[in-house]
Amino acid sequence: MSDLMTKSPAASGSANAGPGAGAPPPRRRRVDPTARGVWPFALPAVLVTAVLVLVPVAYTIWLSVSDRQSDGTNSGFLGFANYAEMFGNPQFWNSLKVTLFLFVVCLLVETVLGLALGYVMSLDVPGRRIFQGMMLVPAITASVAVGLVWLLIMDPSLGAANQILAKVGIDPVVWLGDPDIAPWSIALVDIWQWTPFMALIISAGIRSLPEEPFEAAALDGASGWRTAWNVGLPLLRPVLTVAMLLRTVDLVRFFDTIYIMTQGGPVNSTNTLNVYGYNAGFVDHEPSYAAALQVALLVLVIMIAGGFTWFRQRASR
Amino acid sequence: MTKRLGGVYAAYLVFAVIFFGPVLFMLWSSLRNNVDITGSLFNIASPLTLENFTNLFERFEFGRYIANSFIVAGGSTILGLVLGAPAAYVIVRRKLAALGFVTLLARMAPGVLFVLPLFVLSIRIGGPDSVALNYALLIVAHLIITLPLCIWLLVPFFEEIPISIEESTLIDGANAWQRFRRIALPLALPGLSVALTLSFIFSWNYFLFALALANERTLPLTVIAFNFIGQGSNDFGGLMAASTLISAPALLLTIFAQRWLVRGITGGAVK
């Protein structure tokens, strides 16, 4: 993870080269005189972050190994019974499967489509900014609004999607009512909402690429596709990885649009770990079990994000 | 060359229909009556009306829900900036990538992880019964979104300030706080506006905390719109009008501050 973080603050590329840049800069020992005495300014933010993040995480871990009832009583330490219940519950494995399914499908399609859209967005033609503005909208529209619009579009009898399908002679699809189709429909909405976000990052990446390698490839007579694959994509890899990592973290804890559109149904077919965990706590009123699910989810997020970073660091060696 | 331009615009059209079409559909549907919405999609000539919007304000306390959204998003944004700006300054001046990493952890953790403890806390201090306490809880909860975002967005802006400007003030004997307050902060003003707008939008859009923590008098727009579906509402016009109101800040921002927005979204990922 640290790799991603050093990338973001150092975005405008200052003296702060961060790790990954190899040997530490030689002037490291000299303390920048403007840095003296600034320490206390960070204190409020550090304290607030610690209280806001560490306390809830610690408390959730405590909940997960104790036995809190919905009436608020807690009979104390319970060991790993909640985790044992979780691993023995087919619902948990189903939720894990749903989470991973959505993660893989959405990330794959969003990356491929994002590369295509990102390339189109990067081209310098009149009207680029207006087009870019339109593409921005899905990502910054509230998930509630996105969910509501897609509920109307995917309505089985009067929805726009089935009306369009009828025009081209395709039978109506039960978008959200069929357990075999609902996960794909949810994936479709996420792909709609977040592909432009990927594309935006990718297009900014493409526009900041150096021109020389492409000119060299053109001189060698390489075709457009070959150049894109052999020159463009490798140069774009750092940007692409950051974009994929950001999406990964969000996809593993997929909640909003699902909760708005299906609440995990039908027959748990869209019940991701996060939705399952929320329902366990706030619908079924089993706070300790819900806490165990949340800890499992946090571990999963860290594992996938960590694995991603490790893989990336290894690949860039 | 013109052939290439034609190809680009053909691609523009396809992508615009796919990714902007549903947004236009929402805006359009919010202006149609329910009979037309549930009728044919291809009846483009159906009359337009503002009834869906006026109904929202007449039948429900929509003014209050909008105000609630403003209070929570505004409060958490201001707090996020007040705490985040000095922290971002320290991260830049002391080159602390690690502190930035801690704030990223907050971005990675699933929201439900925070909701359970906050809910327990809320019950213990009487949050469900007190409007003021409930606002305070929601603002603090949303700080989990806004504080890391503000820091993340502000760091590149402080990095752009040449150290030489601040070094020149060392001679005048200005202390660290004066340097931050009089030199760095004014120079980072564009960054503050970026962080302010983006953090407001993200907080405004956020749904989960209010879903679990808000009481009847503090419900924001997002949760009330969600509750409409729960009540089995077939008032699609009303739902689309509510969606349009929820999306309004983001839509306005895209029109008026696109450059900032692009920078805010891609800032961390692209040099």
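Just so it is clear: chains get the letters A, B, ... in the order the sequence lines come, proteins before strands, and each one is counted from 1.
Taking 4.5 Å as the limit, some side-chain heavy atom of A:D155 sits within range of a side-chain heavy atom of B:F236. Annotation: side chain of B:F207 is not in contact with side chain of A:S143 (no heavy-atom distance under 4.5 Å). Within the 4.5 Å cutoff, the side chain of A:M135 has no heavy atoms near those of the B:Y12 side chain. Residues B:L211 and A:F282 form no side-chain contact, since every pair of their non-hydrogen atoms from C-beta on lies 4.5 Å or further apart. Here the side chains of B:F19 and A:V137 are not in contact, with every heavy-atom distance at 4.5 Å or above.
In plain terms, the two heavy atoms of A:T60 and B:P117 that are nearest each other are OG1-CG, 3.4 Å. Minimum heavy-atom separation, A:L152 to B:M240: CD2-CG, 3.8 Å. Nearest heavy-atom pair, A:Q294 versus B:L116, reported as atom, atom and distance to 0.1 Å: CG-CD1, 4.5 Å. A pairwise comparison of heavy atoms in B:P22 and A:V149 identifies O-CG1, 3.6 Å as the closest pair. When all heavy atoms are compared, the tightest approach of A:F131 to B:A16 is CE1-N, 4.2 Å. Looking at every heavy atom in both residues, A:V144 comes nearest to B:F226 through CG1-N, 4.3 Å.
For A:I191, the part sitting under 4.5 Å from any heavy atom of chain B is the backbone (N, CA, C, O) and nothing else. In this structure, the portion of A:R68 lying under 4.5 Å from any heavy atom of chain B is its side chain and not its backbone. Both the backbone and the side chain of A:M134 have a heavy atom closer than 4.5 Å to some heavy atom of chain B. Only the side chain of A:L151 comes within contact range of chain B, with heavy atoms under 4.5 Å apart. Contacts of A:W62 with chain B are absent, with no heavy-atom separation under 4.5 Å from either backbone or side chain.
For chain B, the option among A:I260, A:T141, A:V120 with the highest count of heavy-atom pairs below 4.5 Å is A:I260.
Here CD1 of A:I140 is found 6.0 Å from CD1 of B:I201. Values are rounded to the nearest 0.5 Å.
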